[in-house]
There are 2 protein chains.
Amino acid sequence: MATSDTSELLNFCFRSLCEEAGIAVTHQRQVVYEELCAMHGHPSPEEVYGRVRSRIPSISLATVYKTIHLFIESGVFREVSLHHGTLRVETNSRPHHHLVCIQCKAIRDIDAEELGLAPAEGHLPDGFLVQRYAVDVLGLCAECQQPTPQ
Amino acid sequence: MATSDTSELLNFCFRSLCEEAGIAVTHQRQVVYEELCAMHGHPSPEEVYGRVRSRIPSISLATVYKTIHLFIESGVFREVSLHHGTLRVETNSRPHHHLVCIQCKAIRDIDAEELGLAPAEGHLPDGFLVQRYAVDVLGLCAECQQPTPQ
DNA sequence: CTCACTGCAAAAAGTTTGCAATTGA
DNA sequence: TCAATTGCAAACTTTTTGCAGTGAG
């Protein structure tokens, strides 16, 4: 059956995702979705825009931003880092890691010892020379676990 | 001896750090350093600016930025996240972590299994509810390990 | 005395917003 | 039909840069 090619499959996936998330299926969203699926690495909105524009020349960067945020909120994609988008200075000089609340985005320190995880090698694939580990423990802080206070 | 108070100590520390790094000791840098040492958490340049300005009203935000970057380059302070300051989409849907090169800032994925670390609890201090771990393995990628090609 | 550093103002980058026109359901 | 979505332009936030004057060594 000629209709079962990759793009039909993506199309189906995408419609299911939208239905689950309760959002409309638009041409723009579909193309952003398809291009994201086809991209590797950690693309920026501009990079996504560049690729999408080759298929929808009239699309605006603002729509790409809105769509990416929508996908992230809906759990269709994740963002690489939940940390503040701005420069932040680490004032804690002790070896520590971070507790990051996925809801309110608060970042609290936790001593490396207290977290206590067990890494392995000192050398990873491709000759990557490990210097240290920075762990984000993602989850919900005490406050955000409260049932949504209406 | 009355001169051995905290601020004298900080002063001494700072001068040593500057000597090591081969940079000039200026009043602005000293005050930024002292305020950073006195701050907790993960302050933004604006926040640092706010505090420093109360001691040097004429200081400019640009100088605060330059100073913070200088401190980070010199290893006096770290930044909280080495990830791009811009929004990035995670296109890899498999459970994975990141190899982050502290030199060129490149981010490569590594499968969670391949990295294989051993976390512990499901509940941490303060009732933080863990959802998942995101690990940055910080170090030098193969390319950046080459002796600086003059 | 000299080069590094500062402050200023302007520019650049990245992101968000308001609104009128358009479109999916 | 009509609420949701889009494109545009303008605004906003964060960060960088060029340059003339100042200051540390």
Worksheet item: Given Watson-Crick or G-U pairs with both distances under 3.5 Å, what dot-bracket string fits DNA chain C, with | for other-strand pairs and [ ] for crossing?
Response: |||||||||||||||||||||||||

Discussion item. Judged by each residue's nearest nucleotide on DNA chain D, which is more toward the 5′ side, B:Arg15 or A:Ala24?
Written reply: A:Ala24

Worksheet item: What do you reckon, is CZ of B:Arg51 surrounded by more than 12 foreign heavy atoms closer than 6.0 Å?
Response: yes

Worksheet item: Do we see a donor-acceptor contact under 3.5 Å between the side chains of A:Glu90 and A:His96?
Response: yes

Worksheet item: How long is the line joining CD of A:Glu73 and C1' of C:dT16, in whole Å?
Response: 13 Å

Item to complete: Answer yes or no: is there a donor N or O on one side and an acceptor on the other, between the side chain of B:Gln145 and the main chain of B:Leu140, under 3.5 Å?
Response: yes

Worksheet entry | A:Arg53 charged N/C atom sitting above A:Tyr49 aromatic ring, 6.0 Å / 45° | yes

Discussion item. If the cut-off is 4.0 Å, is A:Arg29 near the phosphate of D:dT6, judged by side-chain N/O to OP1 or OP2?
Written reply: yes

Response to the item:
Sorted by position of nearest nucleotide on DNA chain C, 5' first, the leading residue of A:Ile23 and B:Thr63 is B:Thr63

Worksheet item: Any side-chain N or O of B:Thr26 under 4.0 Å from OP1/OP2 of D:dG23?
Response: no

Worksheet item: Whole Å only: how far is the CD atom of A:Gln30 from the P atom of D:dT6?
Response: 12 Å

Discussion item. Whole angstroms only, please: what is the CD-C1' distance between B:Glu19 and D:dG25?
Written reply: 12 Å

Discussion item. Whether the side chain of A:Arg78 engages the backbone of B:Val89 through a donor-acceptor N/O pair (distance < 3.5 Å, no angle test) should be reported.
Written reply: no

Practice prompt. Summarise protein proximity over nucleotides 12-19 of chain D in one line of letters, 5' to 3': B for base, S for sugar-phosphate only, - for none, counting protein heavy atoms closer than 4.0 Å.
Written response: --SBBBB-

Discussion item. In whole Å, I'd like the distance from the CZ atom of B:Arg55 to the P atom of C:dT6.
Written reply: 15 Å

Practice prompt. Calculate the interatomic distance between B:Ile56 atom CD1 and C:dT6 atom P; express it in whole Å.
Written response: 9 Å

Discussion item. Pair A:His83, B:His42 - check ring pair (Phe, Tyr, Trp, His ring centres under 6.0 Å), show working.
Written reply: CA-CA 11 Å; A:His83 289 194; B:His42 312 102; 8.0 Å; no

Worksheet entry | Same apolar cluster: B:Ile56 and B:Val25, side chain cutoff 4.5 Å | yes

Discussion item. Using whole Å, what does the distance between atom P of nucleotide D:dC8 and atom CZ of A:Arg53 come to?
Written reply: 11 Å

Practice prompt. Rounded to the nearest angstrom, tell me the gap between atom CD1 in B:Ile59 and atom P in D:dT22.
Written response: 17 Å

Worksheet item: Does a side-chain heavy-atom distance below 4.5 Å link A:Val64 with A:Ile59?
Response: yes

Worksheet item: Between the main-chain N or O of A:Leu70 and the side-chain N or O of A:Glu73, is there a donor-acceptor pair closer than 3.5 Å?
Response: no

Discussion item. Counting only side-chain nitrogens and oxygens, does B:Gln28 get under 4.0 Å of the OP1 or OP2 atom of D:dG23?
Written reply: no

